[in-house]
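Note: hydrogens, waters and symmetry copies are ignored here, and every other heavy atom, side chains too, is used. Numbers for residues simply follow the sequence, beginning at 1.
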Amino acid sequence: MDIGTKLKELRVLKGLTQEELADRAELSKGFISQLERDLTSPSIATLLDILQCLGTSVGEFFNESPEEQIVFGKSDYFEKHDAELKNEIKWIIPNAQKNMMEPILLTLEAGGETYPDNPHEGEEFGYVLQGNISIHIGSKTYKAKKGESFYFVSDKKHYLSSKAGATLIWVSSPPSF
């Protein structure tokens, strides 16, 4: 484990300068700098003091959680086809419900639409990859075509439709799909 790098990441995450951490831990700024560059190692007592100043415990600090998946491919996608509404939704980030936003790849067949979504907290963003869509928000309708994007607050009933068919990336924050 690269203790110095991990200490620096934690310090930066807490919004502290090396000098501020050094003052809190009653150490010198130079010592903190050397620690972060792995030029020296702290005693256990010193490491405990630093971790306490950073608001963490030894157990949390040394807990190695599995590497978070960053890149996703087709084998990770979850798909749902709705024959009645003539659409296909691909959740392109698995388990995105736990995240702050939820992107989907949406394909609308000719005459297709999405299920109307009731007003909710959050925002919606989309980018049309091919075709043309209508964005229905409350009593208003907006048009977007290939290469255009849309963005709105989700405070009114909303859904998408397409007369000739379309494919788009649609992101909801917080997740609602």
Run Leu35 and Ile50 through side-chain contact (heavy atoms from CB on, under 4.5 Å) and show every step you take.
CA-CA 11 Å; Leu35 275 178; Ile50 293 170; 3.4 Å; yes
Assess the residue pair Leu54 and Leu16 against the criterion (side-chain contact (heavy atoms from CB on, under 4.5 Å)); give the C-alpha distance rounded to whole Å, side-chain angles, the decisive distance to 0.1 Å, and a yes or no.
CA-CA 9 Å; Leu54 292 171; Leu16 296 173; 4.0 Å; yes
side-chain contact (heavy atoms from CB on, under 4.5 Å) evaluation trace for Ile32 with Leu7
CA-CA 9 Å; Ile32 297 294; Leu7 283 173; over 6 Å; no
Derivation and outcome, side-chain contact (heavy atoms from CB on, under 4.5 Å), residues Asp76 and Gln69:
CA-CA 11 Å; Asp76 297 310; Gln69 185 175 358; 3.2 Å; yes
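Expressed to the nearest 0.5 Å, how far CD1 of Ile93 lies from CZ of Phe72 amounts to 4.5 Å. Taking OH of Tyr151 as the start and CD1 of Ile135 as the end, the distance is 14.0 Å to the nearest 0.5 Å. A distance of 8.5 Å separates OH in Tyr115 from CG in Leu85, rounded to the nearest 0.5 Å. Atom CG of Leu21 and atom CG of Asp49 lie 10.5 Å apart (nearest 0.5 Å). The distance from atom CD of Glu102 to atom OG of Ser172, rounded to the nearest 0.5 Å, is 6.5 Å. Atom CD1 in Ile104 sits 4.5 Å away from atom CD1 in Ile89 (nearest 0.5 Å).
Both Ile3 and Ile44 are members of a single hydrophobic cluster when ILVMFWY side chains are connected at heavy-atom separations under 4.5 Å. A continuous path of hydrophobic side-chain contacts links Leu129 to Val171 [ILVMFWY only; heavy atoms under 4.5 Å]. Cluster annotation: Phe78 and Leu168 are assigned to the same hydrophobic cluster (Ile/Leu/Val/Met/Phe/Trp/Tyr, side-chain heavy-atom contacts under 4.5 Å, transitive).
Atom CD of Glu79 is surrounded by more than 12 heavy atoms from other residues, nucleotides or ligands within 6.0 Å.
Just one of Glu36, Arg37, Lys29 meets the side chain to side chain donor-acceptor pair (under 3.5 Å) condition when paired with Ser33; it is Arg37.
Every side-chain hydrogen bond (donor to acceptor under 3.5 Å, both in side chains) that Thr141 has, sequence neighbours left out, goes to His136.
Between the side chain of Lys6 and the backbone N or O of Phe61, at least one donor-acceptor pair lies under 3.5 Å. Between the side chain of Thr114 and the backbone N or O of Tyr159 there is no donor-acceptor pair closer than 3.5 Å. Remark: side-chain polar atoms of Glu9 are not paired, donor with acceptor, to backbone N or O of Arg11 under 3.5 angstrom. Under a 3.5 Å cut-off, the side chain of Asn87 and the backbone N or O of Glu113 do form a donor-acceptor pair. Looking at Ser162, its side chain does come within 3.5 Å of a backbone N or O of Asn132 through a donor-acceptor pair. At least one donor-acceptor pair under 3.5 Å links the side chain of Asp82 to the backbone N or O of Glu84.
Heavy atoms only, all atoms of each residue included: Lys143 and Ser134 are closest at NZ-OG, 3.0 Å. Scanning both residues, Ser173 and Met101, for their nearest heavy atoms gives CB-CB, 4.0 Å. Nearest approach of Phe31 to Pro42, heavy atoms of both residues: CZ-CA, 4.2 Å. Here the closest non-hydrogen pair linking Lys157 and Pro116 is CE-CB, 3.6 Å. Of all heavy-atom pairs spanning Gly122 and Pro174, the tightest one is CA-CD, 3.5 Å. The two residues Ser57 and Glu60 make their nearest non-hydrogen contact at OG-N, 3.1 Å.
Contact annotation: the side chain of Val58 approaches that of Leu51 to within less than 4.5 Å [non-hydrogen atoms, C-beta and beyond]. Side-chain contact between Glu109 and His81 is present, with at least one heavy-atom pair separated by less than 4.5 Å.
By the 30° and 60° cut-offs, the orientation of the rings of His158 relative to His120 is tilted.
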